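The figures that follow rest on heavy atoms only: side chains count, while hydrogens, waters and symmetry mates do not. Because the structure is predicted, anything quoted here is derived from the model rather than measured. Quick note on labels: first sequence line is chain A, next is B, and so on, each numbered from 1.
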2 protein chains.
Amino acid sequence: MRGGATQPAVRATLEDVARAAGVSLATVDRVVNRREGVRAKTVARVEAAVAKLGYRADVAAARLARGQSFRFAFVLPAGSNSFMTNLSEQVQRTAEWLASQRGFIDILHVDVFDPDVLAGALDGLSSVYQGVAVVALDHPKVRDAIDELTARGIAVVTLVSDAPSSRRLHYVGIDNPAAGRTAATLMGRFLAAREGKVAVIAGSLSLRDHTERQFGFHQILSSEHPNLTTLPVIEGRDDSERTRELTAALLKRRNDLRGIYCCGAGNRGIAAALEASGRARDVIWITHELTQHTRRFLVRGTLDAVINQDPGHEARSAARVLLAHCSGEPISPDQERIRIDIFLRDNLP
Amino acid sequence: MRGGATQPAVRATLEDVARAAGVSLATVDRVVNRREGVRAKTVARVEAAVAKLGYRADVAAARLARGQSFRFAFVLPAGSNSFMTNLSEQVQRTAEWLASQRGFIDILHVDVFDPDVLAGALDGLSSVYQGVAVVALDHPKVRDAIDELTARGIAVVTLVSDAPSSRRLHYVGIDNPAAGRTAATLMGRFLAAREGKVAVIAGSLSLRDHTERQFGFHQILSSEHPNLTTLPVIEGRDDSERTRELTAALLKRRNDLRGIYCCGAGNRGIAAALEASGRARDVIWITHELTQHTRRFLVRGTLDAVINQDPGHEARSAARVLLAHCSGEPISPDQERIRIDIFLRDNLP
DNA sequence: CTGTTAGCGCGTTCAA
DNA sequence: TTGAACGCGCTAACAG
């Protein structure tokens with residue numbers, strides 16, 4: 001048995017360092033927090049003591065003493081699909097966690113699909129907020145609103161949907177082209193050598209994430225699975241009924257349809273159409289976001305794979321990034337990278 | 001725009017509640033922490049004030065006042081494979097995070113594959129530890145050692161590898177049969193209708209997790225993909241060179257080999273044998289754990305899919321569970337469930 | 001049964 | 001350039 005580095009049972013305090021260095025609390029504090037007004041010689045003495053005792057600041061006590069607290073706004077879509085409802089719940093849970101770190105979250109529900117409304121909401125945001133997380137829209141007005149917030153000194157992170165050309169601090173969400181490529185690889189491999197058509201259903205091609213997914217999907221499918229060709233993209237507007245009709249028509253029209261990739265919402269419509277057609281087990285269907293619905297379709301065998309982003313991770317990551325930024329702490333990007341999850345019936349959480 | 005529930009900018013303190021209820025700090029403290037010795041009527045008054053002000057305790061300040069700190073031991077395998085090295089690093093990072101919560105982690109490296117050594121290490125653990133996380137072995141001696149720790153009042157969580165019959169508090173790791181089923185589904189679908197043999201390579205069948213994975217794999221493959229039959233399990237002892245030899249022999253012997261499922265380590269050996277045989281792109285290879293090596297094989301196309309458990313999540317989850325248990329806080333099991341990740345070349349993090 | 005008081009580790013005046 | 005002293009929100013010992 002090899003013992004690891006045993007840490008001291010209880011951490012050294014500022015006072016321990018002060019005693020070891022033969023100076024006062026305040027002096028150690030100045031050195032530790034890199035403030036002016038200490039002789040170089042004293043600095044050296046204190047730093048030596050810090051190193052010797054392995055002193056590490058107690059951030060909780062520091063925040064307590066500073067009386068520091070944070071207030072963030074989360075701007076989320078109003079009355080939307082299952083994924084967004086989940087996201088909302090996860091933000092709520094994150095808020096409870098954050099409260100124990102002296103951080104407070106207000107949730108604002110707005111129609112994020114209307115650039116004017118979204119930009120207006122951002123413009124109207126009070127300056128009590130030190131940070132904002134927003135499900136963005138890649139539109140000039142929204143970009144300007146984000147830049148304006150940034151100019152006012154409010155940190156902005158985009159959540160799930162990015163506005164890359166804006167001056168947001170950080171994007172919390174998946175790499176959408178990569179998600180599309182992942183879907184394509186699964187589609188191509190599940191269909192193996194079979195020949196035929198693959199349909200792509202998006203909510204709207206004016207949504208950046210849908211376009212990016214579709215782009216990644218096409219890229220891999222055309223280059224690596226030439227036996228499969230994609231049909232023109234169908235826009236279901238994330239509406240189940242409309243998507244059902246379009247899918248039903250498609251199934252009727254094309255006997256050579258082998259697969260469906262849905263890069264938006266409206267999954268209940270696809271399931272209904274597939275099951276009504278009797279080709280549910282034959283046509284490979286891959287979609288995004290694990291919800292109560294897609295989980296059911298997966299278990300039932302109608303749906304073959306789900307590409308997922310974890311709304312809980314996303315909510316917590318957004319909060320952590322804002323908190324770290326406001327406390328002047330560094331953020332480690334690879335720690336905050338949102339994974340592209342793949343769920344089959346067998347690895348459902 | 002619909003506004004969400006706006007929280008007060010700054011939280012109510014114990015003192016605010018005391019003032020509102022017309023009692024002293026100590027009384028509020030007693031009520032809030034459910035201690036004895038307060039008249040029912042007073043309790044009610046205080047609780048009303050708590051509710052009215054939306055009071056929530058500042059856990060950081062509480063811990064500070066309590067002078068409470070925690071000390072945990074993490075017992076990990078000595079000098080082992082890439083996955084275990086990653087796990088070790090992640091435990092180290094978790095230790096740094098925990099230090100800011102007044103928690104301290106000592107890492108002990110022992111030969112966890114020898115039940116006597118592992119049990120001895122657990123038996124010898126000092127009582128300064130309030131909790132232990134251990135990569136366990138499902139063996140009577142180890143189980144007894146865990147039960148003994150539990151009897152001494154030390155909380156034990158098993159990490160990555162469980163000892164289900166013991167009295168451990170919690171298991172932090174993936175559902176291994178489900179992981180095996182996931183691998184089988186991928187194998188079956190990637191091979192589609194092709195007929196042939198699939199090899200299963202385990203480290204050792206006396207390792208519970210390897211057996212469970214292999215069980216899940218067989219279960220799905222035999223029931224859902226009758227075109228594929230599995231060969232007798234090969235035990236590579238998680239050793240690359242031995243695994244390479246066995247794999248090379250297998251490839252030479254069987255022209256009808258279509259897939260390899262490796263439910264243990266030794267991946268470098270499999271890659272070498274596959275690439276030397278010239279059948280790397282033809283034989284579907286699925287394995288466990290994303291490491292620097294498996295990542296490379298995936299990108300190169302030799303490896304087709306990786307079933308992964310995130311060592312960072314596992315390390316943090318173990319720490320959170322121990323911390324919560326020692327602070328008397330509840331743990332939410334679904335929050336702590338470790339996901340079965342699937343990685344293809346396209347969704348590598 | 002209830003209130004008073006002295007810290008926990010740190011940041012921040014204000015004095016020296 | 002340095003130090004002493006107070007307070008952040010809470011707990012715990014002691015007093016009433």
Side-chain angles (χ1 to χ4, degrees), chain A residues 8-47 49-50 53-70 99-104 326-329, chain B residues 8-47 49-50 53-70 99-104 326-329:
Chain A
V10 51
R11 204 158 35 173
T13 72
L14 258 198
E15 195 150 352
D16 298 329
V17 178
R19 208 172 315 116
V23 295
S24 80
L25 271 178
T27 302
V28 181
D29 178 63
R30 286 181 189 110
V31 175
V32 168
N33 293 319
R34 315 202 169 302
R35 257 165 293 180
E36 296 297 281
V38 186
R39 268 196 328 220
K41 207 176 128 193
T42 314
V43 171
R45 240 195 7 246
V46 172
E47 282 178 343
V50 165
L53 299 180
Y55 171 79
R56 294 179 29 68
D58 182 328
V59 294
R63 270 216 263 274
L64 177 59
R66 254 189 281 252
Q68 209 174 37
S69 73
F70 303 103
S100 75
Q101 319 276 312
R102 328 194 97 250
F104 305 93
C326 292
S327 330
E329 291 160 25
Chain B
V10 50
R11 201 156 40 170
T13 72
L14 256 199
E15 197 150 351
D16 298 329
V17 177
R19 208 174 313 115
V23 295
S24 79
L25 267 180
T27 301
V28 181
D29 177 61
R30 286 180 189 109
V31 174
V32 168
N33 293 317
R34 313 203 171 303
R35 261 167 295 193
E36 296 296 283
V38 187
R39 264 196 330 214
K41 208 175 127 194
T42 315
V43 171
R45 244 203 354 254
V46 172
E47 282 178 343
V50 165
L53 299 181
Y55 170 79
R56 292 178 33 68
D58 181 327
V59 295
R63 268 215 265 275
L64 177 60
R66 254 190 281 254
Q68 211 174 37
S69 73
F70 302 104
S100 75
Q101 318 277 311
R102 328 193 96 250
F104 305 93
C326 292
S327 333
E329 291 160 25

*Find which nucleotide of DNA chain C each of R102(B) and A26(A) is nearest to by heavy atoms, and output the residue with the more 5' nucleotide.*
R102(B)
*So which one's nearest nucleotide on DNA chain C is more toward 5', L64(B) or T27(B)?*
T27(B)
Please report, rounded to the nearest Å, how far the [atom2] atom of [N] is from the [atom1] atom of [X].
X	N	atom1	atom2	value
E36(A)	dT2(D)	CD	C1'	15 Å
R19(A)	dG3(D)	CZ	P	14 Å
K41(A)	dT2(D)	NZ	C1'	14 Å
E15(A)	dA5(D)	CD	C1'	13 Å
Q68(B)	dA12(D)	CD	C1'	13 Å
L25(A)	dT2(D)	CG	P	15 Å
L14(B)	dA12(D)	CG	C1'	13 Å
D58(B)	dG7(D)	CG	P	19 Å

*Any side-chain heavy-atom pair of D29(A) and L25(A) under 4.5 Å*: no
*asked:* Using side-chain heavy atoms (C-beta onward) and a distance below 4.5 Å, is R30(A) in contact with V43(A)?
replied: no
Any side-chain N or O of [X] less than 4.0 Å from the OP1 or OP2 oxygen of [N]?
X	N	value
S24(B)	dG3(C)	yes
R66(A)	dC10(C)	no
R35(A)	dT12(C)	yes
T42(B)	dC1(C)	no
R30(B)	dT2(C)	no

Touch class at under 4.0 angstrom, heavy-atom based, for [X] against every strand present:
X	value
A60(B)	nothing
D29(A)	base
G37(A)	base

*Using modelled atom types only, decide if a donor and an acceptor are shared between the side chain of R102(B) and the backbone of L64(B) within a distance under 3.5 Å.*
no
*Grab the two heavy atoms, one from R63(A) and one from S327(A), that are nearest each other, plus how far apart they are.*
NH1-OG, 3.6 Å
*Which nucleotide in the list dG3(D), dC1(C), dG9(D) gets nearest to the side chain of R39(B)?*
dC1(C)
*Worked verdict on T42(B) versus V31(B) for side-chain contact (heavy atoms from CB on, under 4.5 Å)*: CA-CA 9 Å; T42(B) 315; V31(B) 174; 5.7 Å; no
